[in-house]
Trainee: 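I have a structure here, written as structure tokens, and I will follow up with some questions on it.
Note that the structure is a prediction, hence the values are computed from the model and not measured. Ligands are counted one by one from 1 in listed order, and the atoms in each one are counted from 1 as well. Atoms considered below: every heavy atom in the structure, side chains included; atoms not considered: hydrogens, waters and symmetry mates.
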Amino acid sequence: MSFRDRTVVLGVGGGIAAYKTCELARLVVKGGGQLRVAMTPAATRFVGPLTFQAISGAPVLTDLLDPAQEKSYGHLLMARVADLFVVAPGTADLLARLRAGMGDDCVTTAALAMTCPRLVAPAMNTRMWESAAVQENLSVLRARGWHVVGPGAGQLADGDVGEGRMAEPEEIAAAAGRILGPRDLAGRKVLVTAGPTREPIDPVRFVSNPSTGRMGFAVARAARRRGAEVVLVTGPVELASPEGVRVVRVETAEQMARAVAEEVSSIDLFVAAAAVSDYRPRNPAPRKLKKSEGDETLVLGRTPDILAMVGEVFDGRPDAPVLVGFAAETEDLIENARAKLERKRCDLVVANRVGAPGAGFGGDRNAVSLVEKGAEPREVEGTKDQVAEGILDRAVALLPTKRPGREA
Ligand code: C5P
């Protein structure tokens, strides 16, 4: 199993299966991965932190309140560098605390800060495993996007026989490999736009929309995970820069267009996830406008269409990147998406039904239709990270025809 160029953060819980987690740690390192380990206080009673330190070659986080360990916000640093977070063993107590969103040790605090995929390998006695509380906690974690591996059935440490045995290290490593997915964008350059733009009316007011940037950020993160060099041009959002991604922060559509123009040469894939304002006030006031009794009229002019501009620049050229656009529509979703394929010379349009439950602006989840020329729309639904992977799966499939000979 290869973990080359990947950072796996391992959260070790306090159960007897923690000894098997050492083997999992070894498999990650053997596979060429970077490994960082955080342990709950209970876990350190089963396996010494020194063991994981020796395997990972890095200090192990064990104490949230240790000034030395937390000198550089250890638990947050882990969340920033992680490509995958694996909790093993996931004890009943640890599952409950993860579900509740507690931050009472370095494993749970790191978990709260993780934006990468998360995998848990539950391990406990059969009767505990079958309890309603544990099952409910796990189903909540699943709904939040956690992956689960195991547990298996067999002889347990306490002599009971049944389900509850932690999955074997090889099985957890294989699940980790599946989640990390292919590095099919290695050697590729990907440009992503995200977030809203703000078009000033005066120095304190602007025209904008409620885009949070989460979908575009998820695409940038996923492309990075898949090995691409990623540049993310984003409007004003309250999201931290993804690790390993070059982020260019802009305000207006004009600035976004300029930033894209600067980055666009030699890209393989352009994903335009930004909700660019289509209009801007024609004459923004240099000073704050005073309110008056009557109505005000705001004269709006069009902003540059960034995606269409990129499509036009590369039209017919052999170095044209794969172009992915988004379509947020309230009606005639698929027809509008097909029209956008043509109009903006896109290879793929991600159609988003605005107002549908579990889709669109804000929120962690999305439900979209992927529309391509000459193919039935493909539905993708899940967390924004999962939807991002689905979009990239299709984009990667289109790469060889559009940008041949560049496979890593
Ligand atoms: O035409 P419409 O705004 O529906 O198109 C949406 C798609 O076009 C999105 O991919 C969006 O990022 C992109 N777009 C753009 N520049 C604009 C308007 C939209 O890049 N000014």
Trainee: Does Arg6 reach the main-chain N or O of Arg225 with its side chain, forming a donor-acceptor pair under 3.5 Å?
Mentor: yes

Trainee: For Asp202, is there an ion pair with Lys288 - N to carboxylate O distance below 4.0 angstrom?
Mentor: no

Trainee: If you measure from atom 9 (C) of ligand 1 to every heavy atom of Tyr279, Phe326, Phe270, which option wins on shortest distance?
Mentor: Phe326

Trainee: If you measure every N or O of Leu307 against every N or O of ligand 1, does any of those distances drop under 3.5 Å?
Mentor: yes

Trainee: When you compare ligand 1 with Val276, is there at least one nitrogen or oxygen pair between them that comes in under 3.5 angstrom?
Mentor: no

Trainee: Is atom CZ of Arg317 surrounded by more than 12 heavy atoms (other residues, nucleotides or ligands) closer than 6.0 Å?
Mentor: yes

Trainee: By number and element, which atoms of ligand 1 are closer than 4.0 Å to a non-hydrogen atom of Gly325?
Mentor: 10 (O)

Trainee: At under 4.0 Å between heavy atoms, which part of Ala308 makes contact with ligand 1: side chain, backbone, both or neither?
Mentor: neither

Trainee: Considering residues, nucleotides and ligands other than Arg45, do more than 12 of their heavy atoms fall under 6.0 Å from its CZ?
Mentor: no

Trainee: Give yes if a backbone or side-chain nitrogen or oxygen of Ile306 is under 3.5 Å from a nitrogen or oxygen of ligand 1, and no if not.
Mentor: yes

Trainee: Under 3.5 Å between some N or O of ligand 1 and some N or O of Glu329?
Mentor: no

Trainee: Going by an N to O cut-off under 4.0 Å, is there a salt bridge joining Lys291 and Glu296?
Mentor: no

Trainee: Before signing off on this row, confirm whether Lys340 and ligand 1 have an N or O atom pair separated by under 3.5 Å.
Mentor: yes

Trainee: Out of Ala257, Gly216, Ala272, whose heavy atom sits nearest atom 10 (O) of ligand 1?
Mentor: Ala272

Trainee: Please list the nearest protein heavy atom to atom 12 (O) of ligand 1 with its residue and the distance rounded to 0.1 Å.
Mentor: Ala274 O, 2.7 Å

Trainee: Could you grab the distance from atom CD of Glu254 to atom CZ of Arg280, nearest 0.5 Å is fine?
Mentor: 5.0 Å

Trainee: Show the atoms of ligand 1 that are less than 4.0 angstrom away from any heavy atom in Thr303.
Mentor: 21 (N)

Trainee: If you count the atoms of ligand 1 from 1 in the order shown, which ones are under 4.0 Å from a heavy atom of Pro304?
Mentor: 16 (N), 17 (C), 21 (N)

Trainee: What protein heavy atom lies closest to atom 19 (C) of ligand 1? Include the residue and the distance to one decimal.
Mentor: Lys344 NZ, 3.6 Å

Trainee: Taking the side chain as every heavy atom from C-beta outward, state whether Asp295 and Thr297 have any atom pair closer than 4.5 Å.
Mentor: no

Trainee: Going by the atom numbers of ligand 1, which of them fall below 4.0 Å from some non-hydrogen atom of Asp278?
Mentor: 3 (O), 18 (C)

Trainee: Listed by chain and number, what are the side chain to side chain contact (heavy atoms under 4.5 Å, CB included) partners of Asp347, not counting sequence neighbours?
Mentor: Val322, Leu323, Leu398, Lys402

Trainee: Please tabulate, one pair per line, all N/O donor-acceptor pairs under 3.5 Å involving side-chain atoms of residues 26-33, not counting sequence neighbours.
Mentor:
| residue | atom | partner | partner atom | Å |
| --- | --- | --- | --- | --- |
| Arg26 | NE | Glu23 | OE1 | 3.1 |
| Arg26 | NH2 | Glu23 | OE2 | 3.1 |

Trainee: Looking at ligand 1, does any of its N/O atoms fall within less than 3.5 Å of an N/O of Ala275?
Mentor: no

Trainee: Salt bridge (Lys or Arg N to Asp or Glu O under 4.0 Å), that's the test. Do Glu381 and Arg365 meet it? Break it down for me.
Mentor: CA-CA 8 Å; Glu381 198 257 320; Arg365 298 181 72 79; 3.4 Å; yes

